[in-house]
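To start, the structure itself, in structure tokens.
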Amino acid sequence: MTNSDRNRLKDKAFQVFGVFCTFIGLAVLAIFLIDILIDGLGRINWEFLNNLPSRRAHRAGIYTAWIGTLWILLLTTVIAFPLGISAGIYLEEYAKKSRMATILEINIANLAGVPSIIYGLLGLEIFVRLMALGGSLLAGALTLSLLILPIVIVTTREAIKAVPRSIREGSFALGASKWQTVWHQVLPASFGGILTGVILAMSRAVGEAAPLIVIGALAYVPFAPASPMDEFTVLPIQIFNWISRPQAAFATNAAAAIIVLLLITFILNGIAVYLRHKWQKRIKW
Amino acid sequence: MEPFRLRHVRLFAFTLISVLLLSGCGPQYSEDADFSLTGSISIDGSSTVYPITEAVAEEYRYHAPNVRTSIGVSGSGGGFKKFSRGEIDIANASRSIKEAEANDARANGITYLQLSVAYDGLTVVVHPGNDWVKEMTAAELKKIWEPEAQGKITRWNQIRPEWPDKELHLYGAGVESGTYDYFTEAIVGKSHSSRGDYTASEDDNVLVQGVSTDPYALGFFGFAYYEENKAKLKPVPINDEDDSNGAGAILPTIETVKDGTYAPLSRPLFIYINSVAARKQHVVDFLQFYFEQVPVLSQEVGYIPMPPENYREEQEKLAAFIAASASR
């Protein structure tokens, strides 16, 4: 066997291994999806989406939970989007390579790894108690914004980094100021990537239960929130509550609610893919 | 390109608005519904008591549609923390308030009333294939669960020599739960003190899963979880070696928990009421409704109602508390 034969064999072996690894992930996901669909699909109907919480599994619905989840998503986007993108632009375009900037960078990277319940405790002290927002939608959205800010900042920076230097230099050469360059060249060119990051961060926020329970999100809310100051519940809390009930019928409800939550996540991811595609097509250098 | 996108936005907005409008269709009301009562009631605390209070709140929706009741599940401890800060009107609790929590409440000028709403029977279970355990005494349970047993009591034959020389696998409530506090108090004799080398979970369904698949398992959890999984579990009759409240080993059933012969693992579940809240008409109405309904509703959600005379007693305490709160 020659050396190149051996290398080719190694190459082949790694390819097989790679396919195997990919399929493990996919198989687990497929089993999970099929299992959930079998358990819950039959439970989803108009009443389920439209009913209030109930002790009787067949009458219980997720009306207030999905409305709460949509509220939380909307508010979290409104808060985290401008903050995260601005911070990303600052760090990538303006910040000088100083000690301070390095410390900031390390801290943001570390924040991305902090367990979500810690953000819940932080939110409880600052937003719920200090700012006296109570267990409101606004307090929940602020807490989740903190949670996803590091992700938004990091993806914004990556997207901005991917914009070629020549674009910036061309802009400067034509006499544009820094801000004009950022606003008219860098941001439009990187917006697809930024949006993808933001929406993936939202998909993470939509699945969180622990930090919201800590700040005082409720399990039984028989009214849909009408303003950001209202009390609320979200789908993950409802699912968590149902799955820990003794009656098996509630587990079916939980499976159905998981399908709805997955659907929301898939729609978000779909929007991310669509936007990325659209923005990338628009860029013509 | 532009008008096309606008149409999309309009379509989206139309769908959203129609969904919101359609979903706004409210529930039906009972005939004696009282629309004049308004206000909000915030309740938080134990997840064990949650199903009972949820059931009452659900029925109350038909009785007083304009009262907004909301219930959280931050656990007995979390609930008391909020209660002693005056942040909630009613606390659900699966244990009594602790000295430190009561002091906090006092420091914040909060007076309160504890009322029992139903019983739960902590059920000791083994795998259905376990043919050696016919009964256990409270003393044997103490021997298994006390802190000194850690790493020492690890085989079935260490409890009774005639039992097999097999590993003993323990499943029990997580240390943050009121269930854990109650079990350790009743069995070990000291609240919040037990061995640490057992499979702990705050979710009783996890414990059911564990015991039902492990032939050498011994576990404990709430009665409702045993009732719903009867086919997969074998309950252990418990002998408290005190024949004055039922002789011999006794199985948890609705009757034995209700009449107190299933000892020492029958436990009362509580609600705590803030006196400031007890001055509000809608809270008073809710609480009176609570005690009218809870004997039936607690059983419906898997708990054991108290004897009628106990409910009468709690109702009298409530009436006195409401009167005292109003005059203050």
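Letters go in sequence order (proteins before strands), and every chain restarts at 1. Just so it is clear, the values below take in all heavy atoms, side chains as well, and ignore hydrogens, waters and symmetry mates.
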Give me the atom names and distance for the closest heavy-atom approach of [X] to [Y].
X: Ala55(B); Y: Arg55(A); result: CB-CD, 3.2 Å
X: Phe223(A); Y: Ser70(B); result: CZ-CB, 4.4 Å
X: Glu58(B); Y: Ser54(A); result: OE2-OG, 2.5 Å
X: Gly216(A); Y: Lys82(B); result: CA-NZ, 3.6 Å

| query | With side chains defined as the heavy atoms from C-beta onward, is the minimum distance between Arg68(B) and Asp230(A) less than 4.5 Å? | reply |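 In contact.
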| request: Look at Val301(B), Asn205(B), Val206(B) and state which one has the largest set of heavy-atom pairs under 4.5 Å with chain A. | output: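 Winner by heavy-atom pair count: Asn205(B).
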| field | Residues in residues 247-258 of chain A that sit under 4.5 Å from chain B, counting heavy atoms only | value |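 When heavy atoms of chain B are the reference, residues 247-258 of chain A contributes Gln247(A), Ala248(A) within the under-4.5 Å range.
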Sort [X] into side chain, backbone, both or neither according to what part of it lies under 4.5 angstrom from a heavy atom of chain A.
X: Glu202(B); answer: neither
X: Ser42(B); answer: side chain
X: Tyr226(B); answer: neither

| Leading residue by heavy atom contact count with chain B [cutoff under 4.5 Å; candidates Glu231(A), Arg56(A), Arg245(A)] |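 Of the options given, most contacts go to Arg245(A).
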| query | How long is the span from the CG atom in Leu218(A) to the CD1 atom in Ile43(B), to the nearest 0.5 Å? | reply |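 Leu218(A) CG to Ile43(B) CD1: 10.0 Å, rounded to 0.5 Å.
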| task | Below 4.5 Å from any heavy atom of chain B, which atoms of Asn241(A) appear? Answer side chain, backbone, both or neither. | result |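 Looking at Asn241(A), just its side chain touches chain B.
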